[in-house]
Structures are given as structure tokens and as C-alpha cells.
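All residue numbers in this chain count up from 1 along the given sequence. Fair warning: this is a prediction, and the values are worked out from it, not measured in the lab.
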Amino acid sequence: MSVHKEIRKVTTHVLSEMKLRGEKISMLTAYDFSMARLVDEAGLDVVLVGDSASNVMAGNETTLPITLDQMIYHGKSVVKGVKRALVVVDMPFGTYQGNSKEAVQSAIRIMKETHADAVKLEGGKEIIESVNRIISAGIPVMGHLGLMPQSIHKYGTYVVRAKEDVEAKKLISDAKLLEEAGCFSIVLEKIPASLGEKVASVLKIPIIGIGAGSGVDGQVLVIHDMLGITQEFSPRFLRRYHNLAAEIKGAVGAYIDDVKSRDFPNDKEQY
Ligand code: KIV
């Protein structure tokens, strides 16, 4: 007898149900097929094809250089590895800030070419026309407020955002605006925990935090950071679950030794 195990795909609706019943949402980034398959099989709820690919995959200082074609390449690879999780693809810098027509065209390309479930955009009031138009085209949108890495040249630093009253009020009003526009969720990055909790309690849609405290509806981290592949990046909010950098270097070192000493390949490892 074959046992057919049905997989219930995570949808935006499932995420709002999770918020309603108080179940926390788990989200991580992935940029390629193999890692996407592993995080999905581990039971992750949301896979973010983050534009942090610009940093961790391409070695750039910021997220700004990554292109739409490159995000589509990563998005396609991730979608092929995922059966259950919701897949969200970041819209890269310069593909939605200019005007809403360009924004909807970029979002449509992402959805058509990657087969992802949703897109993510950074910003509030300033990009609301783009958000409206993308949602009108039937594309689910995740917002992103607080520290917005695509605006790094405006702020000049990656310090905690919205500590002052004026910035905190703007963040709350932007979050409400995004919810009213129809965003299904918002990421809040590097803000005081009390503000994260407030936004999550005022809004009905799920709020996912990265450095936004424990009072939000879910958490996201960059996979290379939480697995300890990146070594130099150590913000307070990051919990490292592994030291893969050491493990990978150890394994590669052992391989080099075996090749040099002629131990590899042995008799059983050849034809
Ligand atoms: O690009 C990314 O990885 C992100 C997360 C930090 C939320 O936007």
C-alpha cells in the first residue's frame, strides 16, 4: 500500500490564520535550489529570495547592484526546490521606485518567470502607488519597513531605526497604509522591540521581524548568517545555529590533505 502524504501549501491565507491562532511564522532566505529544498523539507513556512543575495551570493557591499534578471534567476532556482513554503521574491533596487508602471511590469516579470507566490518591496508612503498597482494586478505584496537596506545611501548607516518618536510614528502610519493597500504581511527590520510589538498588535496582517523583538508574529534571518557561513556580520539580533564556516573549511582542508597524500581516491573510489 502506498502512503500518500499530502502537503498543505503555505499561502498568504495560511499566514493570516497563523497570526489569528497565535502561531509564530518562520522565514529564512534562500537563493538556490539545493538550500531551498533543505529549508522547505525542514518545515519552514516562508522562503524569502532576498536581495541580500547581492551581499552573500555576489559579494557586493550593498543590496543595490543586484538586477531584476539576477533576482529572477535566484527566484526560479528556489521555486524548483520548494513544495510547501510560501516563496517571496524581493524586488531589487530601481525596479519599482521610479514609477508604478515600471513597478507592475517588474513584478509581473518576477511572477511569470519564477512562479513565486509573492513579491516584497521596501518603503511606505513613497512607494504606495507602486504597491497599489502591483496588488491590483493580482500579485500578493509583502512590505518592508524600518531598516531598509536599499536606502542605505540616504541614511549612511545600518544602525537601529525608529528610536525617535517622529520616525516611529511614520513607521506606524506607513505600516497602516501598506495594510490598507492590501499587503498580506510586512517585514520590520532592526527597530525597538516595543515598536515591533505595537505594530503587530495594531495591524491585522502578520508582521515578520528581523531585529524587531519577540512581540511580532514571526521571525526572518539570512540563512548564511544563521548557519554561520558569514563570519564578519554579528548584529545583536543574530542567533547563529551553526558554525558552518569552520565545518566547510575543515572538510575542504581534509580533502586537500587526502589529495596531496594520494589517499584519495582509494581502490574502491575508482573504476
Ligand atoms: O534581503 C533580505 O534578505 C531581506 C531580509 C533581511 C528580510 O530583506
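The pair Lys204-Glu180 does not meet the salt-bridge criterion, since no charged nitrogen lies less than 4.0 angstrom from a carboxylate oxygen.
The shortest heavy-atom contact between Arg133 and Val104 is O-CG2, 3.7 Å. In this structure, Val47 and Ala85 approach most closely via the heavy-atom pair CG2-CB, 3.8 Å. Ala162 and Ile191 make their closest contact through CB-CG2, 4.3 Å (heavy atoms, listed as atom of the first residue, atom of the second, distance). The shortest heavy-atom contact between Cys183 and Val131 is SG-CG1, 3.8 Å. Shown here for Pro65 and Ser54, the closest heavy-atom pair between the two residues is CD-OG, 3.6 Å. The shortest heavy-atom contact between Ala175 and Ile186 is O-CD1, 3.6 Å.
In this structure, Met148 is not a member of the same hydrophobic cluster as Phe237, with clusters built from ILVMFWY side-chain heavy atoms closer than 4.5 Å. No chain of hydrophobic side-chain contacts below 4.5 Å, direct or via other Ile, Leu, Val, Met, Phe, Trp or Tyr residues, connects Ile25 to Leu20. Neither Ile66 nor Ile152 shares a network with the other; the hydrophobic side chains, linked directly or stepwise wherever heavy atoms of I, L, V, M, F, W or Y lie under 4.5 Å apart, form separate groups for each. Under the 4.5 Å side-chain heavy-atom criterion for ILVMFWY residues, a single connected hydrophobic cluster contains both Leu227 and Phe233. Connection of Val160 to Tyr155 is not established within any shared hydrophobic cluster, with ILVMFWY side chains joined at heavy-atom distances below 4.5 Å, either directly or through further cluster members.
Summarising the geometry, atom CD belonging to Gln219 is positioned 7.0 Å from atom NZ belonging to Lys24; distances are rounded to the nearest 0.5 Å. Note that CG of Asn60 and OG of Ser52 are 11.5 Å apart. Values are rounded to the nearest 0.5 Å. The line from NZ of Lys198 to CG of Leu188 is 13.0 Å long, rounded to the nearest 0.5 Å. Going from atom CD1 of Ile134 over to atom CD1 of Ile127 covers 7.5 Å, rounded to the nearest 0.5 Å. In this structure, CG in Asp174 is found 10.0 Å from CD in Glu167, a value given to the nearest 0.5 Å. Atoms CG and CD1, from Leu15 and Ile208 in turn, are 6.5 Å apart once rounded to the nearest 0.5 Å.
No donor-acceptor contact under 3.5 angstrom links the side chains of Gln97 and Glu122, judged on distance only. Counted by atom type alone, Thr67 and Gln70 present one or more donor-acceptor pairs between their side chains at under 3.5 Å. Counted by atom type alone, Arg109 and Thr95 present zero donor-acceptor pairs between their side chains at under 3.5 Å. Donor-acceptor pairing under 3.5 Å is lacking for the side chains of Ser77 and Asp32.
Annotation: side chain of Leu147 is in contact with side chain of Tyr158 (closest heavy-atom distance under 4.5 Å). For the pair Lys120/Met91, no side-chain contact is recorded, criterion being any heavy-atom separation below 4.5 Å from C-beta on. At a threshold of 4.5 Å between non-hydrogen side-chain atoms, the residues Val79 and Lys76 do not count as touching. Counting heavy atoms from C-beta outward, Met226 and Leu244 have side chains that stay 4.5 Å or more apart. Counting heavy atoms from C-beta outward, Ile205 and Lys19 have side chains that stay 4.5 Å or more apart. For the pair Met142/Val187, a side-chain contact is recorded, criterion being any heavy-atom separation below 4.5 Å from C-beta on. Side-chain contact between Leu64 and His153 is present, with at least one heavy-atom pair separated by less than 4.5 Å. Counting only heavy atoms from C-beta outward, the side chains of Ser185 and Thr12 never approach each other to under 4.5 Å.
Around the CD atom of Glu113, the shell of radius 6.0 Å holds more than 12 heavy atoms that belong to other residues, nucleotides or ligands. Enclosure of atom NZ in Lys170 by more than 12 non-hydrogen atoms of other residues, nucleotides or ligands within 6.0 angstrom is indicated. The environment of Phe33 atom CZ is dense: over 12 non-hydrogen atoms of other residues, nucleotides or ligands sit within 6.0 angstrom. Atom CD of Glu61 has 12 or fewer heavy atoms from other residues, nucleotides or ligands within 6.0 Å.
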- Item | From CA spacing to verdict: salt bridge (Lys or Arg N to Asp or Glu O under 4.0 Å), Lys9, Asp117 | CA-CA 11 Å; Lys9 172 85 184 158; Asp117 303 303; 3.2 Å; yes
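Here the two rings, on His224 and Tyr31, have centers that are under 6.0 Å apart.
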